[in-house]
Undergrad: 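Here it is, the structure in full.
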Protein chains: 2
Amino acid sequence: MSSISKEAVDRMTRLIGDRDKAECKVNRLRSLTVDLDEEELKAESEIFQAMADPCRLKILSLLRDGELCACEIMIGVDRPQSSTSHHLSILKSAGLIKERKDGRWSKYRLSEGAVIEMLNLAQIMKDSKDERGNSNDKIVKA
Amino acid sequence: MSSISKEAVDRMTRLIGDRDKAECKVNRLRSLTVDLDEEELKAESEIFQAMADPCRLKILSLLRDGELCACEIMIGVDRPQSSTSHHLSILKSAGLIKERKDGRWSKYRLSEGAVIEMLNLAQIMKDSKDERGNSNDKIVKA
DNA sequence: CTTATATATCGAAATGGATGGATATGGTCT
DNA sequence: AGACCATATCCATCCATTTCGATATATAAG
């Protein structure tokens, strides 16, 4: 499908010898990502981007215990008000938290669903990386 | 514990009236994040950071099908060699993929464990955000 | 209407990350 | 040895993000 570049086929041909098979393999590789359109990938990457900050992870942790207003969160993370507000808006537009206006307060809570599982998974991944990191140094066995 | 700033207690006192209770609440908020030391948060955020790029998500998707060499990945994602290599090194040092040297080739595969679940969760989160997104937010940035 | 407070937004500096061409490294083959 | 190739690294440019003080908006209360 779509534009298979001659360059890629050339390179693949050098790799595996047979030009027909090479073209086939390039097609297969390209087709693996055809169903992933750029928009979707970008949307997903934005979710990860929103979690890619220590302060925002701290906020999410705070909210595991229930709803808090921006002011309490600011105290919890110990950052200036404008920074806290900025982080909250990023988390909100990524869909990770929900906002509820209550008088002059903005109260935030975790979105239902996968957020907590995501945090747990990240912790698991970090831990397993720590373990292997020490025993294995840098060389991966052949 | 540790340094409860007078400023935070003042602010909390204004919020809930009673100074003793305020101090107590500040302590509770701070204690929620005491067990999260900065190093750990940073390590976790790096995992998310590594996944916070469309091209890298594409690479991870490619690798769901099995081991590939850098060259094949480069064809799959259709980016210059240096960019591809750069992304691979980020994924590797975040512990999301593993490298195996084989002659002049570097072959990459997903790390065992949580990577795939993470990708699935992200998709679920994106989808549920899309659905709810229409009803509520319209914070599409310009 | 004025004051006070909670939150959002602006603006500018500093930092960080992506990109891709050029070059270096290290393996393979003849 | 030399040629070739896969991959990593270097470097410079560009773009995005973080940070935080200053300011604006909004709501409540006197």
Side-chain angles (χ1 to χ4, degrees), chain A residues 7-8 10-17 22 38 41-42 45-46 48-59 68-94 97 99-108 138-140 142, chain B residues 7-8 10-17 22 38 41-42 45-46 48-59 68-94 97 99-108 137 139 141-142:
Chain A
E7 211 180 353
D10 287 348
R11 180 176 276 265
M12 186 61 75
T13 305
R14 285 199 304 273
L15 268 177
I16 62 178
E38 291 302 320
L41 284 173
K42 206 162 163 230
S45 73
E46 269 160 20
F48 290 115
Q49 178 65 43
M51 302 181 80
D53 180 279
C55 181
R56 292 197 289 269
L57 289 180
K58 219 180 215 178
I59 292 175
L68 292 173
C69 72
C71 163
E72 295 170 307
I73 293 169
M74 172 189 136
I75 290 170
V77 299
D78 199 17
R79 297 269 160 115
Q81 186 266 325
S82 64
S83 286
T84 308
S85 179
H86 178 234
H87 286 306
L88 284 170
S89 84
I90 288 173
L91 288 170
K92 192 177 90 172
S93 64
I97 62 178
E99 183 188 12
R100 181 172 71 88
K101 296 275 189 191
D102 178 16
R104 77 186 108 168
W105 290 278
S106 289
K107 305 212 165 175
Y108 291 95
K138 16 201 101 171
I139 302 290
V140 180
Chain B
E7 209 182 355
D10 287 348
R11 178 176 276 265
M12 186 61 75
T13 305
R14 285 197 304 272
L15 266 179
I16 62 179
E38 291 302 321
L41 284 172
K42 207 163 162 232
S45 73
E46 268 160 21
F48 289 115
Q49 179 64 45
M51 301 182 79
D53 180 279
C55 181
R56 291 198 288 268
L57 289 180
K58 219 180 215 180
I59 291 175
L68 292 174
C69 72
C71 163
E72 295 170 306
I73 294 169
M74 171 188 136
I75 290 170
V77 298
D78 199 17
R79 297 269 159 116
Q81 185 266 326
S82 65
S83 285
T84 309
S85 179
H86 177 235
H87 286 305
L88 285 169
S89 84
I90 288 174
L91 288 170
K92 192 176 89 171
S93 64
I97 62 177
E99 184 187 13
R100 180 173 71 87
K101 296 275 189 191
D102 178 16
R104 77 186 109 166
W105 290 279
S106 290
K107 305 211 166 175
Y108 291 95
D137 293 318
I139 311 224
K141 73 124 223 251

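Throughout, a chain's letter reflects where its sequence line sits, starting with A, and its residues are numbered from 1.
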Undergrad: Give one of base, sugar-phosphate or nothing for B/C69, where a contact means two heavy atoms less than 4.0 Å apart.
TA: sugar-phosphate
Undergrad: Can you tell me which nucleotide in C/dA8, C/dG21, D/dA8 comes closest to the side chain of A/Q81?
TA: C/dA8
Undergrad: Within the structure shown, what part of the strands sits under 4.0 Å from A/E99 by heavy-atom distance: base, sugar-phosphate, or nothing?
TA: sugar-phosphate
Undergrad: From the list C/dA18, D/dA22, D/dT18, which nucleotide is the closest neighbour of the side chain of A/I90?
TA: D/dT18
Undergrad: Rounded to the nearest 0.5 Å, what separation is found between the SG atom of B/C69 and the CD atom of B/E99?
TA: 11.5 Å
Undergrad: What nucleotide, of C/dG21, C/dA8, C/dA6, holds the atom closest to the side chain of A/Y108?
TA: C/dA8
Undergrad: To the nearest 0.5 Å, what is the distance between CE (A/M74) and CD1 (A/I59)?
TA: 12.0 Å
Undergrad: For A/L68 and C/dT7, give me the distance from atom CG to atom P, rounded to whole Å.
TA: 11 Å
Undergrad: Rounding to a whole Å, what distance do you find between B/E46:CD and C/dG17:P?
TA: 8 Å
Undergrad: From C-beta outward on B/P80, which listed nucleotide comes closest to its side chain: D/dT7, C/dG20, D/dT17?
TA: C/dG20
Undergrad: Judged by each residue's nearest nucleotide on DNA chain D, which is more toward the 5′ side, B/L88 or A/G103?
TA: B/L88
Undergrad: So which atom in A/C55 and which in A/H87 form the shortest heavy-atom distance, rounded to 0.1 Å?
TA: SG-CD2, 3.6 Å
Undergrad: From the list C/dG20, D/dG21, C/dA18, which nucleotide is the closest neighbour of the side chain of B/S82?
TA: C/dG20
Undergrad: What is the distance from NZ of A/K101 to P of C/dT7, rounded to the nearest Å?
TA: 8 Å
Undergrad: Report which part of the nucleic acid B/L15 touches: base, sugar-phosphate, or nothing (heavy-atom distance under 4.0 Å, all strands).
TA: sugar-phosphate
Undergrad: So A/H86, base contact, sugar-phosphate only, or nothing? Heavy-atom distance under 4.0 Å.
TA: base
Undergrad: More 5' along DNA chain C: A/S83 or A/W105, using each one's nearest nucleotide?
TA: A/W105
Undergrad: Measure CZ/A/R100 against P/C/dT7 and give the value in whole Å, please.
TA: 12 Å
Undergrad: Without decimals, in angstroms, what is the distance between A/K58 NZ and D/dT19 P?
TA: 11 Å
Undergrad: A/R14 has a side chain; which of D/dT19, D/dC5, C/dA8 sits nearest to it?
TA: D/dC5
Undergrad: Between B/I16 (CD1) and D/dA28 (C1'), how many Å, whole number?
TA: 18 Å
Undergrad: Once you round it to whole Å, what is the distance between C1' of D/dT18 and CD of A/Q49?
TA: 11 Å
Undergrad: Considering only C/dA8, D/dT19, C/dT19, which nucleotide approaches the side chain of A/S85 most closely?
TA: C/dA8
Undergrad: Measure from the side chain of B/R56, starting at C-beta and using heavy atoms only, and say which of D/dC20, C/dA18, C/dA6 lies closest.
TA: C/dA18
Undergrad: Just verifying a value: how many Å separate A/I73 CD1 and A/K58 NZ, rounded to the nearest 0.5 Å?
TA: 13.0 Å
Undergrad: Kindly compute the distance separating CG (B/D53) from CD (A/E46), expressed to the nearest 0.5 Å.
TA: 11.5 Å
Undergrad: Tell me which nucleotide among D/dT18, D/dC20, C/dT7 gets nearest to the side chain of A/S106.
TA: C/dT7
Undergrad: For C/dC29, does either OP1 or OP2 sit under 4.0 Å from a side-chain N or O belonging to B/R104?
TA: no
Undergrad: Could you tell me which non-hydrogen atom of B/L15 sits nearest to which non-hydrogen atom of A/C71, and how far apart they are?
TA: CD1-SG, 3.2 Å
Undergrad: Atom NE2 of B/H87 and atom P of C/dG20: how far apart are they, to the nearest Å?
TA: 8 Å
Undergrad: For the side chain of A/R79, starting at C-beta, report the closest nucleotide among C/dA8, D/dC20, D/dA8.
TA: D/dC20
Undergrad: Closest nucleotide of DNA chain D for A/D53 versus for B/S89: which of these residues is on the 5' side?
TA: B/S89
